Amino acid sequence: MSENSPEKEVVVKKNFIHQIIDEEINEGKNGGRVHTRFPPEPNGYLHIGHAKSICLNFGTAQKYNGLTNLRFDDTNPSKEDTEYVESIKEDVRWLGFTWDDREYYASDYFGKLFEFALKLIREGKAYVDNQDAETISNQKGTPTRPGIESPFRNRTIEENIDLFMRMKNGEFNEGEKVLRAKIDMASPNMHMRDPILYRIIKTPHHRTGDKWCVYPMYDFAHGQCDYWEGITHSICTLEFEVHRPLYDWFIDQLKEGDYRPRQIEFARLNLSYTVMSKRKLLELVKDHHVNGWDDPRMPTISGLRRRGYTPESIRNFSERIGVTKVDGIIDVALLEHSIREDLNKKAQRVMGVLDPLKVVITNYAEDRIEEMDAINNPENPDAGTRKVAFTREIYIERDDFMEYPPKKFYRLSPGTEVRLRYAYFITCTDVVKDENGNIIELHCTYDPASRGGNSPDGRKVKATLHWVSASENVKVEVRLYDRLFNDEDPAGHKDIDFKEFMNPDSLKILSGCYVEKFVENAKALDSFQFERLGYFNIDPDTRTGRLVFNRTAQLRDTWSKLKDK
RNA sequence: UGUCCUGUGGUGUAAUUGGCAACACGUCUGACUCUGGAUCAGAAGAGUCCAAGUUCGAGCCUUGGCAGGACAACCA
């Protein structure tokens with residue numbers, strides 16, 4: 001942002017991680033270097049919670065003139081795929097961050113990790129266990145009861161090396177043998193009770209193919225990768241807090257100089273009226289409750305992008321919510337505020353009618369077409385003006401008219417005068433109904449002297465309505481989105497499935513909407529403000545001759561609040 | 001009957017490291033306006049989980065409680 005920019009910067013408050021870093025820099029730890037990493041597993045699409053982590057990791061490095069690596073945590077071939085690698089890279093880039101050539105994969109380190117495991121075996125700190133998963137699990141004890149040692153715990157080093165090599169060579173089946181660290185089966189921390197280091201998986205890996213059939217566990221890979229990459233701050237979410245002693249144990253076995261990476265945990269993002277776990281999002285996709293990972297109702301980055309959210313709005317949002325160790329739920333209203341704030345500054349204004357009601361201006365010539373001047377963006381004078389065609393027959397929004405208006409309604413009703421934005425004052429003279437009493441059209445008269453929207457006699461009107469010419473327009477489809485769930489915390493109910501709270505009206509498709517011709521050549525993802533309604537962008541589903549708009553967010557609407565009282 | 005983490009307005013974060021609770025969103029007024037938008041001005045809303053203690057003074061320190069969360073995958 002340039003120095004002379006009048007725009008408000010979101011105030012960056014110092015979070016607890018930055019405080020830790022400041023202290024470390026004072027102590028001269030790691031030479032004052034800051035190097036972070038964003039480490040997704042390529043087994044699904046990124047969501048707004050990941051965006052928080054991305055902004056934290058890349059943002060922290062930027063703040064301290066450090067670097068951030070992109071590292072794929074691909075230690076489990078049975079869950080991962082290159083499709084996800086590509087979508088993750090696209091999303092991180094779209095958010096505005098770059099990792100230059102520092103794109104790493106845990107699988108890059110399979111060789112070094114194997115050597116490290118061998119070293120632990122030689123030092124008597126790891127052993128091969130023949131027992132099956134259930135037996136090992138039973139021996140592990142419970143959080144309140146210590147575990148018992150495996151009968152294979154004290155094999156000789158030679159035997160362990162031999163067995164581990166044979167595991168690697170594919171001589172055993174999945175589940176037959178694992179490599180475990182020899183730490184402490186009585187530790188109060190479950191993760192220190194001889195954790196599994198390697199397991200046998202015979203599914204081909206998306207990068208290394210069938211070169212390997214033994215794969216390191218997360219705990220045995222993550223910290224070591226951090227170490228080898230020179231990461232100084234390994235920022236992860238709260239559930240890894242209890243893994244930290246193990247993270248440090250491995251680093252102790254590996255460490256040679258003074259440098260050491262530090263794991264710091266923060267609270268993951270929870271948003272009201274949505275779910276955030278990959279498992280639940282996957283369920284919504286698989287069971288067709290939504291139309292894919294990039295459904296505009298999804299909290300995925302691809303969904304938000306398609307919905308019309310901008311990278312800036314998501315970055316501002318991430319900054320605003322802060323970083324702490326307190327588990328909470330952020331109000332989606334804050335996310336919505338972030339996108340409105342951004343689009344208000346940037347979006348091209350346009351008039352569009354979603355629920356059209358025809359208005360005939362009886363004293364306006366039939367063949368006449370006038371080009372009215374309209375402002376493209378009142379927040380940005382440089383955006384200039386455009387022409388909007390005005391004709392005898394136009395459409396207005398159906399709920400901008402009421403035959404019997406309540407007290408505070410000051411839009412159109414029989415006998416009242418309103419302004420058509422950028423056009424004329426009109427007065428309603430007749431309400432035309434069908435045989436069932438439904439209003440099918442309105443007859444109005446216009447005041448020719450009010451051209452442009454002001455009357456020379458200084459007469460005031462209380463309302464300004466948006467409108468679209470009935471002949472000079474583009475007919476479009478508009479998709480209205482609402483929250484996916486009606487409950488603030490759909491996943492927070494013990495005995496009720498989160499899907500019970502799904503909002504049946506989260507998607508409404510309107511096919512008979514009219515927008516001024518200006519949008520005719522808009523491209524996918526272009527954003528507009530439909531005046532008085534909200535922000536809408538072009539959905540990628542759009543094909544030539546058939547524009548499809550997504551509603552990104554509604555404008556704040558004082559009338560709808562009054563109406564409900 | 002364990003270990004670790006966390007408790008500040010409705011929500012999310014702050015509080016110069018002990019000096020009398022601030023900011024944002026939301027809510028409610030009012031002004032202005034050719035968007036009932038934006039903008040501007042203002043208001044309400046917490047006495048910081050509880051209790052005791054140290055201190056002239058505690059959201060920050062001490063002790064003891066209470067509440068919530070994480071941990072028992074050959075997932076990450």
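Any value given below was found using the heavy atoms of this structure, including those in side chains, with hydrogens, waters and symmetry copies removed. Throughout, protein chains are lettered first and strands after them, A, B, ... in sequence-line order, and every chain is numbered starting at 1. A quick note: this is a predicted structure, and the numbers were derived from the prediction, not measured.
Distances were taken from every side-chain heavy atom of Gln529(A) (C-beta onward) to each of U35(B), A38(B), G69(B); the shortest belongs to U35(B). For Lys408(A), whose side chain is taken as the heavy atoms from C-beta onward, the closest listed nucleotide among G37(B), G26(B), G36(B) is G36(B).
Anti is the glycosidic conformation of U29(B), whose angle departs from 0 by more than 90°. Base orientation of G37(B): anti, the glycosidic angle falling outside 90° of 0.
Among the heavy atoms of the strands lying under 4.0 Å from Arg419(A) is at least one base atom, whether or not backbone atoms are also near. Residue Arg145(A) is classed as having no contact, given no heavy-atom separation below 4.0 Å to the nucleic acid. Note on Phe409(A): a base of the nucleic acid sits closer than 4.0 angstrom, heavy atoms only. Heavy atoms of Ile329(A) sit under 4.0 angstrom from primed sugar atoms or phosphate atoms, though from no base atom. Here Arg349(A) lies in heavy-atom contact (under 4.0 Å) with a base. Backbone-only engagement by Val323(A) is indicated by non-hydrogen atom pairs under 4.0 Å involving sugar-phosphate atoms exclusively. Nucleic acid contact class of Lys462(A) (heavy atoms, under 4.0 Å, all strands): none. Residue Pro245(A) is classed as having no contact, given no heavy-atom separation below 4.0 Å to the nucleic acid. At the heavy-atom level, Glu265(A) lies nowhere under 4.0 Å from the strands shown. At the heavy-atom level, Leu334(A) lies under 4.0 Å from the strands shown only through sugar-phosphate atoms.
Rounded to whole Å, the separation between the C1' atoms of U39(B) and C50(B) comes to 45 Å. Going from the C1' atom of G45(B) to that of C56(B) covers 31 Å, rounded to whole Å. Across A76(B) and U16(B), the matching C1' atoms stand 40 Å from one another, rounded to whole Å. C60(B) and G18(B): their C1' atoms are spaced 7 Å apart (whole Å). Distance noted for atom P between G47(B) and U11(B): 12 Å (whole Å).
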- Task: Convert the base pairs of RNA chain B into dot-bracket notation, remembering that pairs crossing earlier ones are written with [ ] and that bases paired across to another strand are shown as |; include only Watson-Crick or G-U pairs under 3.5 Å.
- Result: .((((((..((((.....[..)))).(((((.......))))).....(((((..]....))))))))))).....
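A cation-pi arrangement is present between Lys168(A) and Phe114(A) under the rule of less than 6.0 angstrom and at most 45 degrees off the ring axis. A cation-pi arrangement is absent between Arg411(A) and Phe401(A) under the rule of less than 6.0 angstrom and at most 45 degrees off the ring axis. Judged by the 6.0 Å distance and 45° axis criteria, Arg483(A) is positioned over the aromatic ring of Tyr273(A). Under a cutoff of 6.0 Å and an axis angle of 45°, Arg386(A) and Phe518(A) form a cation-pi pair.
For Arg556(A) and A38(B), the shortest distance from a side-chain N or O to OP1 or OP2 is below 4.0 Å. Between U3(B) and Thr144(A), no contact under 4.0 Å exists linking OP1 or OP2 to a side-chain N or O.
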- Message: Using a 4.0 Å heavy-atom cut-off to protein, can you give one letter per nucleotide of nucleotides 71-76 of chain B, 5' to 3': B if the base is in contact, S if only the sugar-phosphate is, - if neither?
- Response: SBSBBB
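Ion pairing of Glu312(A) with Lys346(A) is present here, as a side-chain N (NZ or NE/NH1/NH2) and a carboxylate O approach within less than 4.0 Å.
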